[in-house]
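To keep things clear, I will list the structure first and then write my remarks on it.
Residue numbers start at 1 and run along the sequence shown.
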Amino acid sequence: MNRRRFCRSEVEKVPNVPGVYEILDSELNPLYVGKSNHLRDRLHDHLGEFRGARYFRVRFMPPKAAEKVENRLIKEKKPRYNERMW
């Protein structure tokens with residue numbers, strides 16, 4: 001899973017399909033983990049929302065699998081902006 005710069009031009013390249021995404025800081029620490037049925041649209045919503053966001057990663061998968069992966073990643077990585085879900 002490759003990281004990409006968290007900017008509008010890179011987000012535009014993401015297909016609008018279901019999956020899980022991670023928003024990362026400059027040291028590749030996760031700031032936020034989420035799932036969406038429309039990844040590109042959801043990433044657009046997050047542009048400018050998280051302080052220190054520099055990169056993102058996406059994983060394409062069916063919605064039911066995305067829910068399980070999102071929960072696992074949040075518990076493992078404990079992203080700053082997902083604190084309520086730890």
Side-chain angles (χ1 to χ4, degrees):
M1 188 167 66
N2 294 330
R3 71 177 189 264
R4 301 179 192 187
R5 283 182 29 95
F6 193 51
C7 62
R8 188 169 306 282
S9 63
E10 288 297 317
V11 168
E12 283 294 323
K13 297 175 186 176
V14 175
N16 219 9
V17 297
V20 173
Y21 59 94
E22 292 179 77
I23 298 176
L24 311 166
D25 65 14
S26 60
E27 296 174 4
L28 305 182
N29 298 312
L31 296 173
Y32 186 78
V33 173
K35 68 179 178 319
S36 178
N37 288 325
H38 306 281
L39 283 171
R40 182 184 335 120
D41 292 346
R42 189 67 181 126
L43 287 166
H44 268 289
D45 292 345
H46 285 312
L47 283 170
E49 185 175 343
F50 299 110
R51 186 177 195 158
R54 296 291 179 264
Y55 302 101
F56 73 95
R57 289 190 277 223
V58 294
R59 298 177 187 188
F60 309 116
M61 62 190 68
K64 288 196 183 246
E67 189 170 335
K68 292 176 184 176
V69 171
E70 177 197 33
N71 289 333
R72 182 179 52 81
L73 288 172
I74 290 170
K75 288 177 182 166
E76 285 176 8
K77 299 186 177 193
K78 299 184 178 356
R80 180 185 334 160
Y81 292 102
N82 290 100
E83 274 185 21
R84 286 180 277 156
M85 300 178 75
W86 295 358

Could you pull out all residues at least two apart from Lys13 that satisfy side-chain contact (heavy atoms from CB on, under 4.5 Å)?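 Lys13 satisfies side-chain contact (heavy atoms from CB on, under 4.5 Å) with Arg4, Glu10 only.
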Identify the two heavy atoms, one from [X] and one from [Y], that lie closest to each other, and give their separation to 0.1 Å.
X     : Y     : result
Ile74 : Val33 : CG1-CB, 3.9 Å
Asn16 : Leu39 : OD1-N, 3.6 Å
Arg59 : Met61 : CB-CE, 3.5 Å

Per the salt bridge (charged side-chain N to carboxylate O under 4.0 Å, His left out) rule, what does the pair list look like for residues 29-43, sequence neighbours excluded?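 Every salt bridge (charged side-chain N to carboxylate O under 4.0 Å, His left out) pair that includes a residue of residues 29-43, provided the two are not neighbours, is Lys35-Glu70, Arg42-Asp45.
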Is it true that atom CD of Glu27 has more than 12 heavy atoms of other residues, nucleotides or ligands lying nearer than 6.0 Å?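 Open: at most 12 neighbouring heavy atoms sit under 6.0 Å from CD of Glu27.
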Surrounding CZ of Arg72 (heavy atoms of other residues, nucleotides or ligands, distance under 6.0 Å), is the total greater than 12?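 More than 12 heavy atoms, drawn from other residues, nucleotides or ligands, come within 6.0 Å of this atom.
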Can you tell me how far [atom2] of [Y] sits from [atom1] of [X], rounded to the nearest 0.5 angstrom?
X     : Y     : atom1 : atom2 : answer
Lys78 : Glu76 : NZ    : CD    : 9.5 Å
Arg8  : Leu43 : CZ    : CG    : 11.5 Å
Ser26 : Leu31 : OG    : CG    : 9.0 Å

Could you go through Tyr21 and His46, starting from their C-alpha distance and side-chain angles, then the distance that decides it, and tell me whether this counts as ring-ring contact (aromatic ring centres under 6.0 Å, His included)? CA-CA 11 Å; Tyr21 59 94; His46 285 312; 5.5 Å; yes
Indicate if Leu28 and Val20 have the same hydrophobic cluster label, given that clusters are the connected sets of ILVMFWY residues with side-chain heavy-atom separations under 4.5 angstrom.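 Leu28 and Val20: separate clusters.
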In one Ile/Leu/Val/Met/Phe/Trp/Tyr side-chain cluster, 4.5 Å: Ile23, Val58: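 Looking at the clustering, Val58 is in the same group as Ile23.
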For Gly52, is there any backbone N or O sitting under 3.5 Å from a side-chain donor or acceptor partner on Asp25?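 Side chain of Asp25 to backbone of Gly52: no pair is present.
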Qualifying residues under side chain to side chain donor-acceptor pair (under 3.5 Å), relative to Arg5, sequence neighbours excluded: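 By the side chain to side chain donor-acceptor pair (under 3.5 Å) rule, Arg5 matches no residue at all.
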Using ring pair (Phe, Tyr, Trp, His ring centres under 6.0 Å) as the criterion, point out the one residue from Phe6, Tyr55, Phe50 that pairs with Tyr32.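 Passing option: Phe50.
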Compare all side-chain heavy atoms of Pro18 with those of Asn37 and state whether any distance is below 4.5 angstrom.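 The answer is yes; the side chains approach within 4.5 Å.
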